[in-house]
J.: 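I am attaching a structure below and will ask some questions about it afterwards.
Below, each value reflects all heavy atoms present in this structure, side chains not excepted, and no hydrogens, waters or symmetry copies. Per chain, numbering begins at 1; letters A, B, ... match sequence-line order.
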Amino acid sequence: MKRSCYCGDVREDSIGKELSVSGWVHSRRDHGGVIFIDLRDREGVVQVVFQPENKEIFAAAERLRSEYVISVKGLIRHRPEGTVNPNMPTGKVELVVSELEIVNTAPGLPFEISDYVYTSEELRLKYRYLDMRRPSFQKNFLMRHKISQEIRSFFNDDGFIEIETPFLGKSTPEGARDFLVPARLHHGSFYALPQSPQIFKQILMVAGFDKYYQIARCFRDEDLRADRQLEFTQVDLEMSFVEENDVMGVIERMLARIFKSALNTDVKTPFDRMSYAEAMLKYGSDKPDTRFEMLIQDFSAELKDCGFSVFANVLAKGGIVRGLCIPKGASFSRSEIDGLTKFVGEYGAKGLAWMKVTETGSESNIVKYFKDEEIKIIVSKLHGKAGDLIVFLADDEKVVAQGLGALRLKIGKEQGLIDKNKFNFLWVVDFPMFEWDADEKRWSALHHPFTSPKDGEALTAENAAKAKAKAYDVVLNGVELGGGSVRIHKSEVQKKVFELLGISEEAAKEKFGFLLDALTYGAPPHGGVALGFDRLCALIAGEESIREVIAFPKTQKALDPMSNAPGEVSEKQLKELGIRVVVKQAKN
RNA sequence: GGGGAUGUGGUGUAGCCUGGUUUAACACACUGCCCUGUCAAGGCAGAGACCGCGGGUUCAAAUCCCGUCGUCCCCGCCA
């Protein structure tokens with residue numbers, strides 16, 4: 001039977017026509033004398049009606065079960081008076097079957113294909129082809145397709161060139177753990193799958209391909225999270241003869257176009273900007289969710305000489321004290337506050353000091369250590385009202401910022417302070433060049449080692465802590481959508497940065513020699529950005545996890561329950577690759 | 001590497017804290033019958049789970065304890 005259109009596309013303009021549609025039996029309502037089937041395909045669902053006049057077809061229809069594949073032919077007609085379904089796009093019409101072909105059958109399903117019932121992640125992934133039949137899942141994927149097409153058309157309109165870069169490259173010392181691929185023709189050597197097309201795209205700039213883009217798959221062999229998979233998709237671009245604002249402008253226009261076309265939302269451009277320092281201070285995060293206030297305040301100066309020895313000691317050692325006001329938090333029980341203490345403990349905080357704001361002043365076990373003056377300052381700085389709870393962390397800056405930042409988000413979510421209809425885009429700028437790695441006892445790149453310092457920064461060990469980078473992150477509703485930078489285009493500067501990062505000249509030459517070489521052959525100033533495409537799609541689809549917008553994701557243990565990847569390989573394959581397995585770990 | 005949550009018919013959950021009244025409950029799905037306008041259809045009937053797995057405590061364990069495995073969330077990690 002030749003299909004004339006998608007089920008979900010049948011509308012009133014087809015009334016009176018004879019159409020054929022094919023799809024899956026989504027639901028069956030057998031009324032004895034009349035049978036309704038909701039027939040589903042990728043575009044949606046249409047109601048098909050079996051009437052008892054044609055005994056043979058009706059009998060066949062009685063045997064239909066969920067997820068059978070059928071083709072039907074029949075007259076499209078307006079539904080009878082009073083039976084229109086306003087909740088369905090096809091709700092005004094129905095197909096009256098005159099021909100039925102049962103194309104394929106299906107056994108009982110391992111779970112219901114419904115947007116109303118969700119089963120365990122493991123089952124969903126094992127039967128991903130069934131899971132993906134859910135209308136909401138289909139919608140997510142049509143949306144993902146639309147977004148990627150919109151991105152391509154934006155870049156094409158804007159004069160960008162799409163160029164592919166290799167998957168098989170060389171392992172790099174900095175950054176995430178690489179996925180390695182043994183080289184069959186060179187036993188003992190390995191290719192690495194790209195963590196990002198970073199180096200290649202810079203070399204494309206040296207090659208003269210100003211304005212490159214790619215929707216690129218990237219690979220990182222790190223632990224998985226709701227927003228992190230082993231492989232993910234990145235919208236990658238690079239431009240020559242540009243400064244920060246040029247790149248940021250492109251992203252603003254691109255995102256505005258995507259949101260207009262995907263959600264019909266007008267995004268205000270240019271986006272707000274916030275320095276890294278301000279973000280860390282007020283939001284305790286380099287990806288602030290600005291949809292609600294509840295800002296963190298610093299009290300290190302005010303409480304320097306306070307009588308509370310815990311604070312005084314931390315401050316004396318160069319630590320900091322910051323606080324957060326939890327609206328209506330005074331009603332928290334002691335065990336709820338203990339819960340908060342445990343929560344910030346995950347971020348390294350050794351304790352949580354707190355005070356309840358009351359009509360007359362404040363109360364808690366630490367209030368007695370403070371002068372009235374100090375309490376007044378604290379309450380007024382945090383805009384505390386009677387009935388609020390003020391919490392403090394005292395530690396080094398990283399612990400305090402992270403702990404209070406995470407607490408702020410937790411409370412914001414729990415108290416419903418976040419307006420879900422908002423899309424708050426934000427640039428975080430003025431990033432430091434380097435960050436001290438206490439374990440390795442060396443400086444490491446906050447962004448990546450090819451990031452240009454701001455003009456006039458002295459790249460000396462003494463200035464390393466202060467040096468700022470020409471880097472920028474785009475944040476949406478507290479999610480890091482992407483980041484980029486203006487790159488170093490002078491090989492002397494690049495060498496200097498490697499030196500500060502403790503990457504020896506030999507190591508740099510061994511790992512990135514080709515980039516350093518390229519930079520000597522007339523590299524233009526250049527910069528770019530990379531956006532997490534999966535995160536973008538998840539945000540637009542309103543999903544918490546990127547797994548909901550990735551067709552075949554891995555579980556948190558990095559397994560694919562459907563294909564059972566990763567799997568063992570034959571001795572022969574290993575031998576060809578020159579690999580001897582010493583200890584073979586059994587997979588459960 | 002660590003912390004937390006969770007695992008009960010095909011699916012989603014209740015029961016677990018406070019062990020016995022459980023012959024493990026409810027809803028959906030499934031099977032059969034009834035039903036000519038439903039649309040997360042309805043009615044009647046039915047089948048289906050030794051409660052993830054292993055061990056322990058106890059007269060008695062879905063329930064308490066220990067271990068283990070899966071899934072999820074988080075920390076570390078992710079330039």
J.: Does any N or O donor sit under 3.5 Å from an N or O acceptor when you compare the side chain of A:Gln47 with the base of B:U38?
T.: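 By the distance-only test, yes, there is a pair.
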J.: With rounding to whole Å, what would you report as the distance between B:C50 and B:C28 at their P atoms?
T.: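 Going atom to atom, P in each nucleotide, I get 23 Å.
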J.: Name the nucleic acid region contacted by A:Ser444, choosing base, sugar-phosphate or nothing; use a 4.0 angstrom heavy-atom cut-off, strictly under.
T.: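 No contact.
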J.: Verify the stacking flag for A:Phe36 against B:U38: centroid separation must be under 5.5 angstrom and the ring planes must differ by under 30 degrees.
T.: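 Stacked: centres under 5.5 Å apart, planes under 30°.
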J.: Take atom NZ of A:Lys495 as the centre, draw a 6.0 Å sphere, and report whether it contains more than 12 heavy atoms from other residues, nucleotides or ligands.
T.: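 Counting other residues, nucleotides and ligands, NZ of A:Lys495 stays at 12 neighbours or fewer.
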J.: With a 4.5 Å cut-off on side-chain heavy atoms, are A:His526 and A:Met239 touching?
T.: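 Heavy-atom side-chain distance check fails, nothing below 4.5 Å.
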J.: Across the strands shown, which category fits A:Ser114 at heavy-atom distances under 4.0 angstrom: base, sugar-phosphate, nothing?
T.: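 Nothing: the residue A:Ser114, judged by heavy atoms under 4.0 Å, touches no strand.
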J.: If we call it a pair only when both distances are under 3.5 Å in a Watson-Crick or G-U wobble match, what pairs with B:C26?
T.: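 B:G12 is the nucleotide pairing with B:C26.
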J.: B:G76, B:G4, B:C73: which one has an atom nearest the side-chain heavy atoms of A:Arg228?
T.: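 Of the options given, the side chain of A:Arg228 lies nearest B:G76.
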J.: Under 4.0 Å, counting only non-hydrogen atoms across every strand here, what does A:Ile35 touch: a base, just sugar-phosphate, or nothing?
T.: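 Since no nucleic acid heavy atom lies under 4.0 Å of A:Ile35, the category is nothing.
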J.: Tell me: CG of A:Asn85 to C1' of B:A41, nearest whole Å?
T.: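 In whole Å, B:A41 C1' and A:Asn85 CG are 12 Å from each other.
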J.: Taking NZ from A:Lys398 and P from B:C75, how many angstroms apart are they, rounded to a whole number?
T.: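 Going from NZ in A:Lys398 over to P in B:C75 covers 12 Å.
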J.: At 4.0 Å (heavy atoms only), tell me whether A:Tyr118 reaches a base, stays on the sugar-phosphate, or touches nothing.
T.: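 Sugar-phosphate contact only - A:Tyr118 comes under 4.0 Å of backbone atoms but never of a base.
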J.: To the nearest 0.5 Å, tell me how far A:Phe498 CZ sits from A:Ser491 OG.
T.: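 Separation between the atoms: 11.0 Å.
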J.: Within the structure shown, what part of the strands sits under 4.0 Å from A:Leu125 by heavy-atom distance: base, sugar-phosphate, or nothing?
T.: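 If one applies the 4.0 Å heavy-atom cut-off, A:Leu125 turns out to touch nothing in the nucleic acid.
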J.: Would you say B:U11 has OP1 or OP2 under 4.0 Å from some side-chain N or O of A:Thr119?
T.: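 The answer is no; no side-chain N or O of A:Thr119 sits under 4.0 Å from OP1 or OP2.
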J.: Where each residue is assigned the nucleotide of RNA chain B containing its nearest heavy atom, which of A:Pro449 and A:Pro52 is assigned the position nearer the 5′ end?
T.: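 In this pair, the answer is A:Pro52.
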J.: Base, sugar-phosphate, or nothing for A:Leu123, non-hydrogen atoms under 4.0 angstrom?
T.: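 Result for A:Leu123 = sugar-phosphate.
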J.: If you only use heavy atoms from C-beta on, which nucleotide in B:C73, B:C78, B:U71 is closest to the side chain of A:Glu121?
T.: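 Shortest atom-to-atom distance from the side chain points to B:U71.
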J.: Roughly how far apart are A:Asp30 CG and A:Ile35 CD1, rounded to 0.5 Å?
T.: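 If we round to the nearest 0.5 Å, A:Asp30:CG and A:Ile35:CD1 are 4.0 Å apart.
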J.: Between B:G43 atom C1' and A:His31 atom NE2, what is the distance in whole Å?
T.: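 Rounded to whole Å, this separation is 12 Å.
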J.: Closest approach to the side chain of A:Glu94, judged atom by atom: which nucleotide of B:U38, B:C74, B:G10 is it?
T.: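 Among the listed nucleotides, the one closest to the side chain of A:Glu94 is B:U38.
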J.: Given 3.5 Å as the limit, does a donor-acceptor pair link the side chain of A:Asp430 with the main chain of A:Ala277, or not?
T.: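 Judged by distance alone, no pair lies under 3.5 Å.
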J.: Please give the distance between the C1' atoms of B:C74 and B:A60 as a whole number of Å.
T.: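 Comparing C1' positions in B:C74 and B:A60 gives a spacing of 40 Å.
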J.: Would you mind pulling out the nucleotide paired to B:G42, Watson-Crick or G-U wobble, both distances under 3.5 Å?
T.: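 B:C34 - that is the nucleotide pairing with B:G42, both distances being under 3.5 Å.
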J.: Suppose you measure atom C1' in B:A29 against the same atom in B:A47; what distance do you get, rounded to whole Å?
T.: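 After rounding to an integer number of Å, I get 13 Å for this pair.
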J.: Is there a side-chain polar atom (N or O) of A:Ser66 under 4.0 Å from OP1 or OP2 of B:A29?
T.: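 Indeed not, no polar side-chain atom of A:Ser66 lies that close.
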J.: Where the side chain of A:Arg28 meets the backbone of A:Leu64, is there a donor-acceptor pair that is under 3.5 Å apart?
T.: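 Yes, the answer is positive, given that a donor and an acceptor are paired below the 3.5 Å cut-off.
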J.: So does A:Arg79 reach the base of B:C39 with its side chain, donor to acceptor, closer than 3.5 Å?
T.: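 Per atom types, the contact qualifies.
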J.: Between B:A25 and B:A49, how far is it from one C1' atom to the other, in whole Å?
T.: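 It works out to 12 Å between them.
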J.: Enter the distance from A:Glu231:CD to A:Cys218:SG here, rounded to the nearest 0.5 Å.
T.: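 Those atoms lie 10.5 Å apart.
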J.: Measure from the side chain of A:Lys342, starting at C-beta and using heavy atoms only, and say which of B:C78, B:G37, B:G4 lies closest.
T.: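 Of B:C78, B:G37, B:G4, B:G4 is nearest to the side chain of A:Lys342.
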J.: Under a 3.5 Å limit for both distances, which nucleotide forms a Watson-Crick or G-U wobble pair with B:C59, could you say?
T.: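 Its partner is B:G20 (Watson-Crick or G-U wobble, both distances under 3.5 Å).
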J.: Nearest to the A:Val49 side chain among B:G4, B:U36, B:G37, which nucleotide is it?
T.: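 Nearest listed nucleotide: B:G37.
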J.: Nearest to the side chain of A:Arg65, which nucleotide is it out of B:G37, B:C72, B:G32?
T.: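 From the listed options, B:G32 comes nearest.
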J.: The side chain of A:Asp30 is closest to which nucleotide in this list: B:C30, B:C35, B:U36?
T.: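 Ranking B:C30, B:C35, B:U36 by closest atom to the A:Asp30 side chain puts B:C35 first.
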J.: What contact category does A:Thr451 fall into here, base, sugar-phosphate, or nothing, at under 4.0 angstrom with non-hydrogen atoms?
T.: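 The answer is nothing, as A:Thr451 stays clear of every strand by at least 4.0 Å.
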J.: With distance as the sole criterion, is a donor-acceptor pair present between the side chains of A:Ser335 and A:Asp338 under 3.5 Å?
T.: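 No - no donor-acceptor pair under 3.5 Å links their side chains.
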J.: Counting only N and O atoms by type, is there a donor-acceptor contact under 3.5 Å from the side chain of A:Arg408 to the main-chain atoms of A:Asp289?
T.: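 Yes; at least one donor-acceptor contact below 3.5 Å.
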J.: Nearest to the side chain of A:Gln556, which nucleotide is it out of B:U36, B:A29, B:C74?
T.: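 Taking heavy atoms from C-beta onward, the closest nucleotide is B:C74.
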J.: Using a heavy-atom cut-off of 4.0 Å across all strands, would you classify A:Arg124 as base, sugar-phosphate, or nothing?
T.: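 The answer is nothing, as A:Arg124 stays clear of every strand by at least 4.0 Å.
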J.: So A:Tyr347 and A:Leu393, do their side chains get closer than 4.5 Å, heavy atoms only?
T.: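 Heavy-atom side-chain distance check fails, nothing below 4.5 Å.
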J.: For the side chain of A:Gln402, counting heavy atoms from C-beta on, which of B:G76, B:G32, B:G37 is nearest?
T.: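 Nearest listed nucleotide: B:G76.
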J.: CD of A:Glu67 versus P of B:C30: gap in Å, rounded?
T.: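 A:Glu67 atom CD is separated from B:C30 atom P by 11 Å.
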J.: Is there a Watson-Crick or G-U wobble partner for B:C72 with both distances under 3.5 Å, and which nucleotide is it?
T.: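 Pair assignment: B:C72 / B:G4.
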J.: Give A:Pro110 one of three labels, base, sugar-phosphate or nothing, depending on what nucleic acid heavy atoms sit under 4.0 Å from its own.
T.: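 Result for A:Pro110 = sugar-phosphate.
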J.: Using atom CZ of A:Phe219 as one end and atom C1' of B:C78 as the other, report the distance to the nearest whole Å.
T.: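 That distance rounds to 16 Å.
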J.: Please tell me which of A:Met88 and A:Ala445 maps to the more 5' nucleotide of RNA chain B, matching each residue to the nucleotide holding its nearest heavy atom.
T.: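 Its nearest nucleotide lies further toward 5', so the answer is A:Met88.
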J.: Considering only atom C1', compute the distance from B:G12 to B:G48 and round it to an integer number of Å.
T.: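 Result for the C1' pair: 16 Å, nearest Å.
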J.: Mind checking the P distance from B:U36 to B:C26? Whole angstroms is fine.
T.: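 It works out to 30 Å between them.
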J.: For nucleotides B:A5 and B:U21, find the distance between their C1' atoms and express it as a whole number of Å.
T.: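 Nearest-Å result for B:A5 against B:U21 at atom C1': 32 Å.
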J.: Rounding to an integer number of Å, can you tell me how far A:Leu559 CG sits from B:G70 C1'?
T.: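 Computing the A:Leu559:CG to B:G70:C1' distance gives 10 Å.
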J.: B:A41, OP1 or OP2 - any side-chain N/O from A:Arg29 closer than 4.0 Å?
T.: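 Answer yes for this pair, as a side-chain N or O of A:Arg29 is under 4.0 Å from OP1 or OP2.
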J.: Counting heavy atoms from C-beta on, name the nucleotide in B:C73, B:C77, B:G12 closest to the side chain of A:Ser120.
T.: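 When the side chain of A:Ser120 is considered, B:G12 is the closest of B:C73, B:C77, B:G12.
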J.: Taking only the C1' atom of each, what is the distance from B:G54 to B:C44 in whole angstrom?
T.: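 Those two atoms are separated by 44 Å.
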J.: Taking atom P of B:G1 as reference, at what distance in whole Å does atom CD of A:Glu222 sit?
T.: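 The answer, rounded to whole Å, is 13 Å.
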J.: With a non-hydrogen cut-off below 4.0 angstrom, is A:Glu346 in contact with a base, only sugar-phosphate, or nothing?
T.: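 Here A:Glu346 touches the backbone only, sparing every base.
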J.: Is any side-chain nitrogen or oxygen of A:Arg77 closer than 4.0 Å to OP1 or OP2 of B:G37?
T.: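 For A:Arg77, the contact criterion (side-chain N or O under 4.0 Å from OP1 or OP2 of B:G37) is not met.
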J.: Calculate the interatomic distance between A:Glu122 atom CD and B:C69 atom C1'; express it in whole Å.
T.: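 That distance rounds to 10 Å.
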